[in-house]
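Okay, structure first, notes after.
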Amino acid sequence: MSSSVDNWWEMEPFTANPQVPIVVQFGTMACALCPDVSRRINALMQTHVFEWHYHDATTSNLAVELTVSKLPAMLVFHTVEKYELYQKMRGDDVEQAIRASCAARLVLDEDI
């Protein structure tokens, strides 16, 4: 892994689209619970407004900077002053975090 970074919030994807929350999922190929978190996040993209990125926790400088140590983990980023890192996610933790942090998407009956 390369050296750590200063001001991680000034890197992509955090500077690309500041109008929507950025959700960064941290996982590994060996993580048995990570695929379920991916499915849950994917489903929530249909009902909530956010941008989703995946980082392999074994190679991510961002995971090092945030001291991610318990997988599955997820960062919900709004601004440098407003973000939350969730670790060791189980059950409906993903849904609770997204619903608390991201606006509901307007879904019309025609879209269903």
Side-chain angles (χ1 to χ4, degrees):
M1 202 175 309
S2 61
S3 63
S4 64
V5 294
D6 292 326
N7 301 336
W8 56 264
W9 54 88
E10 293 177 355
M11 300 171 18
E12 291 289 333
F14 307 110
T15 59
N17 189 3
Q19 291 80 25
V20 300
I22 307 296
V23 172
V24 179
Q25 176 190 358
F26 297 97
T28 65
M29 292 294 288
C31 174
L33 300 173
C34 291
D36 182 53
V37 169
S38 295
R39 284 189 292 276
R40 290 171 183 263
I41 293 172
N42 187 54
L44 287 161
M45 288 193 77
Q46 308 307 310
T47 58
H48 289 76
V49 178
F50 61 93
E51 186 177 310
W52 176 25
H53 297 270
Y54 178 88
H55 281 226
D56 185 317
T58 62
T59 60
S60 171
N61 285 335
L62 181 58
V64 172
E65 287 298 313
L66 296 173
T67 60
V68 173
S69 60
K70 296 178 180 109
L71 298 178
M74 182 176 74
L75 170 70
V76 179
F77 178 89
H78 295 271
T79 68
V80 67
E81 295 88 20
K82 184 180 176 188
Y83 67 90
E84 187 73 37
L85 176 66
Y86 302 89
Q87 298 191 68
K88 196 177 177 183
M89 302 186 83
R90 304 291 188 266
D92 67 348
D93 290 348
V94 173
E95 286 84 358
Q96 288 181 20
I98 297 291
R99 288 181 183 135
S101 302
C102 303
R105 184 179 301 278
L106 177 62
V107 178
L108 302 175
D109 290 340
E110 294 174 2
D111 296 336
I112 298 176

Atom pair NE2 (H53) and CD (Q25), whose distance is rounded to the nearest 0.5 Å: 12.0 Å
Under 4.5 Å between side-chain heavy atoms, chaining through other members, with only Ile, Leu, Val, Met, Phe, Trp and Tyr counted: pull out the rest of the cluster around V23, sorted by chain and number. V37, I41, L44, M45, F50, W52, M74, V76, Y86, M89, V94, I98
Separation between CG (D56) and CG (L62), nearest 0.5 Å, reads 12.5 Å
Does V80 belong to the same Ile/Leu/Val/Met/Phe/Trp/Tyr cluster as V68, with side-chain heavy atoms less than 4.5 Å apart forming each link? yes
Kindly compute the distance separating OG (S60) from OH (Y54), expressed to the nearest 0.5 Å. 10.0 Å
Calculate, to the nearest 0.5 Å, the distance between atoms OH and CH2 belonging to Y83 and W8 respectively. 5.0 Å
Please report the shortest heavy-atom distance between H78 and S101, naming the atom on each side. CE1-O, 2.8 Å
Polar side-chain atom of Q87 near backbone of S69 as donor-acceptor pair, under 3.5 Å: yes
Scanning both residues in full, the closest heavy-atom pair of C34 with G27 reads SG-CA, 3.5 Å
Nearest 0.5 Å, what's the CG-CZ distance between L75 and F26? 5.5 Å
Please list all pairs passing the salt bridge (Lys or Arg N to Asp or Glu O under 4.0 Å) test where one or both residues lie in residues 85-97, with sequence neighbours left out. R40-E95
Measure across C102 and H48 and return the closest heavy-atom pair with its distance rounded to 0.1 Å. O-CD2, 3.3 Å
